[in-house]
Amino acid sequence: MALRFYNTLTQRVEDFAPAEDNTVRMYSCGPTVYDYAHIGNFRTFTFIDILRKWLRASGFRLNHVMNVTDVDDKIIRNAAAQGKNLADYTGTYTKAFLEDCALLRLERPERLVPATQHIDDMAEAIQRLGAGHHTYTSDGSVYFRISSFPGYGKLSHNDFSGNLSGARVDLDEYEKADARDFALWKAPKEGETFWDTAIGPGRPGWHIECSVMAIKYLGETLDIHVGGVDLIFPHHENEIAQSESLTGKPFSRFWLHSEFLMVEGQKMSKSLGNYYTLRDVVARGHQPEAIRYLLASVPYRRSLNFTFEGLKSAGTAIDRLRNFKLRLATDRYAEGANEQLAARTAAASQAFTASLNDDLNTAEALGAVFEYVRDANSAMDSGEFRAGNRADALEFLERFDAVFDVLRPATAGGASDADIEALIAQRTEAKKARNFARADQIREQLLEQGVVLEDTKAGVRWKRK
RNA sequence: GGCGCGGUAGCCAAGUGGUAAGGCUAAGGUCUGCAAAACCUUUAUCCGUGGGUUCGAUUCCCACCCGCGCCUCCA
């Protein structure tokens, strides 16, 4: 089955391929660096990472740009409150964001672009919009005139036509000509950071940065634009209005939006105060891989209710997969190959592909993996698993992990492998002498150091917990 | 009010016009010196409610109920 995605623009699932030369031109809305990102934010960033990895696994090359919003009202307010300049303030949270991404194994986009490094580009774009009669100025601020763009509302599927014609108000009394018009450029306020540009002093509105940076680095029509569902309106709608007014071409062929992370039945958000940062969750002793797994395991278009119980079960599920991988590497198998099992491996691998191709159905893809793990474990128990089946199995696990990326343990640390193996040798001696008390003592000792032993027919197998 | 998403076992969750994947949890069992790991068995006559279409619907249609989101900053 071909790769396909649900496109918010058309409200349909459509076959996907990049427009040109096998390279996917993708833009994603990144963080506003005014605070630590919370795990709701990371739900979307994890989805984007899964998308990246699956696109690459599907044979495409990537050119992915993500912005960093490093100027907005909250940033200005918070920086001022802390007596810091903007760059220092946003630098702190940009760095924190990148550290958090690394912890969750989120790949860096090909380009990470800060808004403040593109102010002149934005001013120039606003000028061009003005030349095309899409803007008007009021008290030094520049607004986009929505009535100048006939397609307004096509992404969010809202009909603004009645609203626009009926709701005109006097320009002198109201700063905006229509309630839906939005700021492209904000006049400087007393004591606030501003930039001197071709269109005068001020700072950019929120939406213009994405249009300008996306077009600058990716061209006039993107293959994919992604973000959370809350950005559909007004942010992405406004991006379309700006970009298409600028270029006369469709801004993005595909629009993919991820649903929310919920907590206790409500959207996790800063303003509601019901949020956890990644740091909060890790501080409670949860592995970042478990968080990644949990965020990835529910398909991106379904809202995901976050609970610590769910997080714990994600950790257990990963353990199961890791145990399987370890067993695959350490068990001894009879020569030859089991054809039936080989066929099942191939079928599972195909099912995995078909699931992810179907609009990234991660839940179904995981189903294929676990079903296979059960079959393979079962075959190992019964001796039907042969040496010739190992390579296929490992390859399938690698295909899985190239997308989900949860099998590799975070960090080693603690006792060295040699020390651990020396103790295991001592324990094996003790067991031979049927000195089980001593053997158990060593096992306990290792467990305290985070090392778990498993006695198997092929000898002692160990792993770090 | 407009637009959008969802209601499937204790929890999470997939899914199809032909009779319910998978993960976690729980109980019992096999294996083991004991563990660990693994495997097996058991847990939804039923998929929010009421109608309709159909030989047959959880899956299609209609109505209704409930939850959530966007419409203002927001992943």
Side-chain angles (χ1 to χ4, degrees), chain A residues 8 11 28-32 34 37-48 69 72-74 153 155-160 162-163 179-180 182 206 226-235 237 257-262 265-272 275 293-294 297-307 309-324 326-327 331 351 355 358 361-382 431 434-437 439-440 443-444 447 452-457 460-463:
Chain A
T8 306
Q11 299 182 298
S28 62
C29 290
T32 300
Y34 71 101
H38 59 67
I39 54 172
N41 302 128
F42 283 114
R43 202 267 164 104
T44 295
F45 296 124
T46 301
F47 147 63
I48 293 169
T69 300
D72 87 328
D73 292 341
K74 281 183 204 139
L155 182 69
S156 56
H157 305 284
N158 280 312
D159 179 6
F160 292 105
N163 202 336
R180 307 281 176 177
F182 58 90
W206 173 36
V226 285
V229 285
D230 52 343
L231 297 185
I232 295 172
F233 191 89
H235 184 52
E237 197 73 73
H257 292 99
S258 59
E259 260 296 341
F260 286 126
L261 186 75
M262 316 287 285
Q266 277 194 311
K267 169 187 176 182
M268 179 178 282
S269 77
K270 289 273 167 65
S271 47
L272 290 170
Y275 66 94
Y293 180 97
L294 178 64
S297 63
V298 176
Y300 75 95
R301 291 203 294 125
R302 302 280 301 228
S303 59
L304 192 172
N305 192 28
F306 177 82
T307 62
E309 189 193 351
L311 186 54
K312 198 175 162 221
S313 78
T316 310
I318 293 175
D319 283 344
R320 182 168 162 79
L321 297 172
R322 286 178 175 171
N323 285 334
F324 175 68
L326 183 67
R327 183 178 192 186
D331 264 13
S355 298
D358 187 12
N361 190 338
T362 49
E364 194 176 67
L366 287 170
V369 172
F370 280 101
E371 211 168 337
Y372 174 69
V373 167
R374 195 215 319 118
D375 284 353
N377 267 322
S378 196
M380 288 174 185
D381 284 353
S382 67
K431 272 179 68 180
R434 302 195 67 78
N435 183 354
F436 294 120
D440 289 352
R443 188 167 64 194
E444 277 303 307
L447 187 60
V452 181
L453 300 192
E454 295 173 14
D455 294 329
T456 75
K457 280 175 189 152
V460 182
R461 176 157 76 204
W462 66 272
K463 64 189 176 191

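Chain letters run A, B, ... following the sequence lines, proteins first, then strands; residues in each count from 1.
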- List for me each residue that meets side-chain contact (heavy atoms from CB on, under 4.5 Å) alongside Glu237(A), sequence neighbours excluded, and say none if there are none.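 side-chain contact (heavy atoms from CB on, under 4.5 Å) list for Glu237(A), sorted by chain: Tyr152(A), Lys154(A), Leu155(A), Ser156(A), Phe233(A).
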- Check side-chain contact (heavy atoms from CB on, under 4.5 Å) between Ser258(A) and all other residues, then give those that pass, not counting sequence neighbours.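 In terms of side-chain contact (heavy atoms from CB on, under 4.5 Å), with neighbours along the sequence ignored, Ser258(A) is linked to Thr44(A), Phe47(A), Tyr300(A).
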- Task: Both distances under 3.5 Å, Watson-Crick or G-U wobble: report the partner of rG33(B), or none.
- Result: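 Its partner: none found.
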- Query: If pairing requires Watson-Crick or G-U wobble contacts with both distances under 3.5 Å, which nucleotide is the partner of rG4(B)?
  - Reply: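 Check on rG4(B): paired to rC68(B), both distances under 3.5 Å.
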Using only side-chain N and O atoms of [X], determine if any of them is under 4.0 Å from OP1 or OP2 of [N].
X: Arg302(A); N: rG7(B); value: yes
X: Arg374(A); N: rG22(B); value: yes
X: Asn377(A); N: rA38(B); value: no
X: Asn361(A); N: rG15(B); value: yes

- Take nucleotides 24-32 of chain B nucleotide by nucleotide from the 5' end and write B, S or -, depending on whether a protein heavy atom sits under 4.0 Å from the base, only from the sugar-phosphate, or from neither. SS-------
- Quick one: does Arg327(A) reach the base of rA37(B) with a side-chain donor-acceptor pair under 3.5 Å?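 Check fails, no donor-acceptor contact within cut-off.
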- Message: I'd like to know if Asp159(A) reaches the base of rG2(B) with its side chain, counting only an N/O donor and acceptor under 3.5 Å.
- Response: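 Flag unset: no donor-acceptor pair detected.
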Please write out the pairs of protein N or O atoms and N or O atoms of nucleotides 41-44 of chain B separated by less than 3.5 Å, giving the distance to one decimal.
none

Would you list the protein and nucleotides 66-70 of chain B atom pairs, both N or O, that sit under 3.5 Å from each other?
{"unit_1": "rC70(B)", "atom_1": "OP1", "unit_2": "Lys267(A)", "atom_2": "NZ", "d": "2.4"}
{"unit_1": "rC70(B)", "atom_1": "O2'", "unit_2": "Phe233(A)", "atom_2": "O", "d": "3.4"}

- Message: Just to verify, what does Asp358(A) make a side-chain hydrogen bond (donor to acceptor under 3.5 Å, both in side chains) with, not counting sequence neighbours?
- Response: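 By the side-chain hydrogen bond (donor to acceptor under 3.5 Å, both in side chains) rule, Asp358(A) matches Arg4(A).
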- Task: With RNA chain B as reference, determine whether Ala437(A) or Gly367(A) sits nearer its 5' end, using the nearest nucleotide of each.
- Result: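 The residue closer to the strand's 5' end, by nearest nucleotide, is Gly367(A).
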